[in-house]
S.K.: 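Take a look at the following structure, please.
These numbers come from a predicted model, not from an experiment.
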Amino acid sequence: MVVRNVKNPRIEINARGNIRVIVPPGQDAEEVIKKKRAWIEGKLNEIEQIKKQFGPLSGKFLLNGDFYSLIQGEDFFVNPKFKVVSLPHGDFKVLKRWLKDRLREELDFKVRLFASIMDVKYRKVYIRFQKTKWASCSKKGNLSFNLALMALPEGLRDYVIIHELAHLRAPKHGDRFWRLVRAYYPDYAEAKNKLRFFWLLLEWNEVWQNLRG
């Protein structure tokens, strides 16, 4: 249990099924758990089912929504047709640089494009590993994107970009924010569910854990 100066209590469940309850001062965490027991059990069951289905693939590399096999080769290359990545000497730094270059190239184009369509202005774009978020938007208008976005299908990356750009006009996740997101990404609710699914896969994925390390 965590006591924090928040307006409403919330429950967080990580990929390993660990539960954290965050409550405002004076609120009983046990009561929150009791009220949300059915929801908690449903989430734990969902995690277990996903783990059973995709756990055996944890040693493969998740890229653009597909699982790639890693092989030892003399040269580095990525083959989308055969879903293979050749990694010389198991050097994950080479793969990390390639991923960052690909994401930077995509963001340079997509962020500029969507910002123009949405009529918003941003400052700088950063790429780094983030522990709890796919991306973030600072008060100064700087955008930070998680390198792990490369694990997602391209359409989901589009949603994340639109989501962060929307914060430049509506900083908080209120009705105005979601109306803005929906205007440019109508299937945003489905995208949010898919992002949670892929986050679980990344938490179990050995290759991405190595890249983060």
Side-chain angles (χ1 to χ4, degrees), residues 4-15 22 39 43 46 50 61-68 78 80 95-203 205 208 211-212:
R4 192 178 294 170
N5 188 24
V6 294
K7 185 177 181 180
N8 299 306
R10 71 173 184 267
I11 299 172
E12 297 176 352
I13 304 176
N14 66 18
I22 301 171
W39 179 86
K43 287 297 179 183
E46 179 186 6
I50 294 174
F61 180 48
L62 188 57
L63 174 66
N64 292 324
D66 291 318
F67 287 96
Y68 283 62
V78 177
L95 178 56
K96 190 174 181 178
R97 284 196 298 271
W98 182 86
L99 289 167
K100 194 168 185 178
D101 287 345
R102 298 289 79 71
L103 183 58
R104 172 62 67 184
E105 183 180 350
E106 185 174 321
L107 290 174
D108 284 348
F109 173 72
K110 290 282 187 73
V111 173
R112 192 183 311 118
L113 173 65
F114 290 136
S116 176
I117 293 171
M118 297 170 69
D119 193 26
V120 295
K121 293 183 178 180
Y122 61 95
R123 294 185 66 189
K124 295 181 179 180
V125 174
Y126 298 95
I127 297 173
R128 53 173 65 96
F129 274 121
Q130 299 190 50
K131 292 183 178 180
T132 60
K133 297 180 179 180
W134 290 109
S136 59
C137 176
S138 75
K139 292 180 180 179
K140 294 182 179 180
N142 295 321
L143 305 174
S144 180
F145 293 95
N146 193 333
L147 183 58
L149 284 168
M150 288 301 293
L152 304 177
E154 186 177 349
L156 275 184
R157 290 198 291 271
D158 289 350
Y159 165 72
V160 174
I161 295 169
I162 289 169
H163 182 114
E164 296 310 322
L165 289 173
H167 278 304
L168 295 172
R169 282 169 55 185
K172 295 184 178 180
H173 289 134
D175 291 340
R176 178 169 172 256
F177 172 84
W178 292 116
R179 283 197 302 270
L180 182 60
V181 171
R182 183 171 58 244
Y184 297 99
Y185 202 100
D187 294 332
Y188 76 95
E190 182 181 357
K192 288 167 63 179
N193 290 330
K194 287 182 177 178
L195 285 179
R196 285 193 287 269
F197 165 76
F198 276 102
W199 191 269
L200 289 176
L201 296 189
L202 283 176
E203 288 295 301
N205 192 268
W208 277 102
L211 287 168
R212 283 175 172 171

S.K.: When you measure from the side chain of Arg112 to the backbone of Leu107, do you find a donor-acceptor pair of N or O atoms at a distance under 3.5 Å?
M.R.: no
S.K.: Say you draw a straight line from CH2 of Trp98 to CG of Leu103; how long is it, rounded to the nearest 0.5 Å?
M.R.: 10.5 Å
S.K.: Could you check Asn146 against Ile127 for side chain to side chain contact (heavy atoms under 4.5 Å, CB included), going step by step and ending with a plain yes or no?
M.R.: CA-CA 6 Å; Asn146 193 333; Ile127 297 173; over 6 Å; no
S.K.: Holding to salt bridge (charged side-chain N to carboxylate O under 4.0 Å, His left out), I want the full list of residues that pass it with Lys43, two or more places apart in sequence or in another chain.
M.R.: Glu46
S.K.: Do Leu168 and Lys121 have side chains that get closer than 4.5 Å, going by heavy atoms?
M.R.: no
S.K.: Restricting to pairs with a member in residues 182-198, which pass salt bridge (Lys or Arg N to Asp or Glu O under 4.0 Å), not counting sequence neighbours?
M.R.: Glu190-Lys194
S.K.: Does any part of the side chain of Arg102, heavy atoms only, come nearer than 4.5 Å to the side chain of Glu105, both counted from C-beta?
M.R.: yes
S.K.: With distance as the sole criterion, is a donor-acceptor pair present between the side chains of Ser144 and Gln130 under 3.5 Å?
M.R.: yes
S.K.: Atom CD1 of Ile50 and atom CZ of Phe197: how far apart are they, to the nearest 0.5 Å?
M.R.: 5.5 Å
S.K.: Kindly check if the number of other-residue, nucleotide or ligand heavy atoms within 6.0 Å of CG (Asn193) is above 12?
M.R.: yes
S.K.: If you take all heavy atoms of Ala135 and Phe145, which pair is closest and at what distance?
M.R.: CB-CD2, 3.6 Å
S.K.: Looking only at heavy atoms, what is the nearest atom pair of Leu63 and Tyr68, with distance?
M.R.: O-CE1, 3.7 Å
S.K.: Are Leu143 and Leu165 side-chain neighbours, meaning at least one heavy-atom pair lies under 4.5 Å?
M.R.: yes
S.K.: How many angstroms lie between atom CZ of Phe114 and atom CZ of Phe109, to the nearest 0.5 angstrom?
M.R.: 8.0 Å
S.K.: Identify each donor-acceptor pair in which a side-chain atom of residues 151-161 lies under 3.5 Å from a protein atom, sequence neighbours left out, and give them as a table.
M.R.:
| residue | atom | partner | partner atom | Å |
| --- | --- | --- | --- | --- |
| Glu154 | OE2 | Lys110 | NZ | 2.8 |
| Arg157 | NE | Glu106 | OE1 | 3.3 |
| Arg157 | NE | Glu106 | OE2 | 2.9 |
| Arg157 | NH1 | Asn64 | OD1 | 3.0 |
| Arg157 | NH1 | Leu149 | O | 3.3 |
| Arg157 | NH1 | Leu152 | O | 2.6 |
| Arg157 | NH2 | Asn64 | OD1 | 3.1 |
| Arg157 | NH2 | Glu106 | OE1 | 3.0 |
| Asp158 | OD1 | Lys110 | NZ | 2.7 |
| Tyr159 | OH | His163 | ND1 | 3.0 |

S.K.: Quick one: closest heavy-atom pair of His167 and Lys172, and the distance?
M.R.: ND1-N, 4.4 Å
S.K.: Quick one, Leu147 and Arg212 - any side-chain contact, counting heavy atoms below 4.5 Å?
M.R.: no
S.K.: Output all residues satisfying side-chain contact (heavy atoms from CB on, under 4.5 Å) with Ala166, sequence neighbours left out; order by chain, then residue number.
M.R.: Met118, Phe177, Leu180, Val181
S.K.: Do the side chains of Asn142 and Tyr122 get nearer than 4.5 Å, heavy atoms only?
M.R.: no
S.K.: Would you compute the distance between atom CH2 of Trp199 and atom NZ of Lys133 and round it to the nearest 0.5 angstrom?
M.R.: 10.5 Å
S.K.: Are Phe67 and Phe61 packed together at the side-chain level, in the sense that at least one heavy-atom pair is separated by less than 4.5 angstrom?
M.R.: no
S.K.: Nearest 0.5 angstrom please: Met150 CE to Leu211 CG, how far?
M.R.: 11.5 Å
S.K.: Between Ala191 and Tyr185, which heavy-atom pair has the shortest distance, and what is it?
M.R.: CB-CE2, 3.8 Å
S.K.: So, using side-chain contact (heavy atoms from CB on, under 4.5 Å) as the criterion, who are the partners of Asn14 when residues are at least two apart?
M.R.: Arg16, Asn18
S.K.: Do the side chains of Ile11 and Trp39 get nearer than 4.5 Å, heavy atoms only?
M.R.: yes
S.K.: Go through the steps for Phe198 and Leu195 under the test side chain to side chain contact (heavy atoms under 4.5 Å, CB included), then give the verdict.
M.R.: CA-CA 5 Å; Phe198 276 102; Leu195 285 179; 5.7 Å; no
S.K.: Identify, with sequence neighbours excluded, every residue that meets side-chain contact (heavy atoms from CB on, under 4.5 Å) alongside Ala15.
M.R.: Leu200, Glu203, Trp204
S.K.: If you define the side chain from C-beta out and look only at heavy atoms, does anything of Phe129 sit under 4.5 Å from Trp208?
M.R.: yes
S.K.: With rounding to the nearest 0.5 angstrom, report the CG to NZ distance, Leu95 to Lys100.
M.R.: 13.5 Å
